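We name chains A, B, ... by the order of the sequence lines, and we start the count at 1 in each one. Because the structure is a prediction, the values reported are computed rather than measured.
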Number of protein chains: 2
Amino acid sequence: MELRHAVLGLLSIRPMSGYDLGRAFAGSVAHFWYADQSQIYRVLDRLAVDGAIETERVRQEKLPDRLVHSLTDAGRSELRDWLISPLEQDRPKEPFLARLFFAAALSDDEVARLLDEREQETRKVLEQLRAIPVPTGDRAAELQAATLRSGVAHAEAELDWLDDTRRRHAQLSDRR
Amino acid sequence: MELRHAVLGLLSIRPMSGYDLGRAFAGSVAHFWYADQSQIYRVLDRLAVDGAIETERVRQEKLPDRLVHSLTDAGRSELRDWLISPLEQDRPKEPFLARLFFAAALSDDEVARLLDEREQETRKVLEQLRAIPVPTGDRAAELQAATLRSGVAHAEAELDWLDDTRRRHAQLSDRR
DNA sequence: CGCACCTATAGGACGATACAAGTATATGCC
DNA sequence: GGCATATACTTGTATCGTCCTATAGGTGCG
């Protein structure tokens, strides 16, 4: 049900086509939400059936028509209800941490490689976050900017932790 | 497919019943993996069919029999292959950040409440992490302890970010 | 006895998801 | 024309995940 809310949220900002939504999930909200293309359209179908959105076909020159979706009052109301509802229960699934937890079967080199790979990914995420234009100007923009700062803070914490973990792991290797 | 790997990982530590696995997912690995009870048994069934585990019925006094599952060579090999395979692509789904991103429709109080609730959850997570006994003694234990330290580092980063975000939000409210 | 809780395992129904494949139009290049 | 890329939308299918339900045995309490 959660992609539904993310889509409602994006449509609250402005009316969008499925393709626009796909681009948003690949860009401006990629730091906190991923969505698969086929899922996006499925969610839109359901939202339309439920009366949460309405759809207008917009013709374009030299490009295929777009189906532009906008929130209905019901959709806006549903979004608001979700925003003020209790936070979801945290149900972590962290493959990297799982790998590290069970990594005793690996050699020191293999563990070091795992940590290196994680660092590379983390630095890449940090770059991507820094490439997202920071919204400015009003309260909505500030709230959006806060999500980017969260991403940066967590990536930086991860890099610090990686340094620490590498140091500890190296000491353990030396002692063995 | 990822719960499968987590189960293989746990069984690499020692043979366990489905119930034991359930307790591990609620306890010693809760900080990085959640698993639903019914999924656990389903995964075990599949692992057995695939030859990755073998199962022994163990009788107990005053308690029901247990079905204790242990890794086969194939299962151990599968786990190892996963551990050294490339890291999974990060596909975030962060309901809290989504809520914050789309929170312009909320009042200042409602936003503040959202941040408060997030803080409470984060403090709870921190407590839970601190309640997990820190494994010590060997390399495997150190790797496991590293995952706990990651959890703590991220929770602390989150609390810092919350302070900062609250401050910024308060300033914005004052200016409005 | 019923209830609560624990140990222990299993399945149903439904929705969500990942990954793959498909359709259509347009432009540019070989 | 075929291929690549972009814009735009759609569907198939197997698996996964959630939440609910069920079974069985044991202990302790009112």
Lys62(A) or Ala35(A), whichever maps to the more 5' nucleotide of DNA chain C: Ala35(A)
Euclidean distance, atom CD of residue Glu88(B) to atom P of dT17(C) [Å, nearest integer]: 18 Å
Phosphate OP1/OP2 of dA16(C): any Arg46(A) side-chain N/O under 4.0 Å: yes
Whole-Å gap separating P (dA18(C)) and CD (Glu2(A)): 12 Å
For atom CD1 of Ile53(A) and atom C1' of dC9(D), their distance in whole Å: 14 Å
Residues that Arg57(B) engages under side-chain contact (heavy atoms from CB on, under 4.5 Å), provided they are two or more places apart: Asp65(B), Leu67(B)
Which residues share a side-chain hydrogen bond (donor to acceptor under 3.5 Å, both in side chains) with Trp161(A), sequence neighbours left out: Thr165(A)
Phosphate OP1/OP2 of dC16(D) contacted by Lys93(A) side-chain N/O (<4.0 Å): no
Contact under 4.0 Å: Arg23(B) side-chain N or O vs dT7(C) OP1/OP2: yes
Residues that Arg14(A) engages under side-chain hydrogen bond (donor to acceptor under 3.5 Å, both in side chains), provided they are two or more places apart: none
Partner residues of His154(B) under the side-chain hydrogen bond (donor to acceptor under 3.5 Å, both in side chains) criterion, sequence neighbours left out: His154(A), Glu158(A)
side-chain hydrogen bond (donor to acceptor under 3.5 Å, both in side chains) partners for Arg113(A), two or more places apart: none
Residues forming a salt bridge (Lys or Arg N to Asp or Glu O under 4.0 Å) with Lys93(B), sequence neighbours excluded: none
Length of the CZ-P vector between Arg4(A) and dT18(D), whole Å: 19 Å
Parallel, tilted or perpendicular: rings of Phe101(B) and His31(A) (30°, 60°): perpendicular
Distance below 4.0 Å between Tyr41(A) side-chain N/O and dC9(D) OP1 or OP2: yes
Atom-pair distance (CG on Asp45(B); P on dT15(D)), nearest Å: 14 Å
Near-ring test Tyr34(A)/Phe25(A), centroid separation under 6.0 angstrom: no
Separation of atom CG in Asp90(A) from atom C1' in dG17(D), rounded to whole Å: 16 Å
Partner set under side-chain contact (heavy atoms from CB on, under 4.5 Å) for Asp138(A), not counting sequence neighbours: Ala140(A), Ala141(A)
Any residue of residues 10-21 of chain A with a heavy atom less than 4.0 Å from an atom of DNA chain C: none
Whole-Å gap separating C1' (dT18(D)) and CZ (Phe25(B)): 16 Å
Rounded distance in Å - CG (Leu3(B)) to C1' (dG17(D)): 10 Å
Leu63(B) side-chain proximity, nearest of dT11(D), dC9(D), dT7(C): dT7(C)
What are the atom names and distances for every N/O pair under 3.5 Å that joins the protein to nucleotides 19-24 of chain C?
from    : atom 1 : to       : atom 2 : distance (Å)
dC19(C) : OP2    : Arg91(B) : NH1    : 2.8
dC19(C) : OP2    : Arg91(B) : NH2    : 3.2
dC19(C) : N4     : Ser38(A) : OG     : 2.5

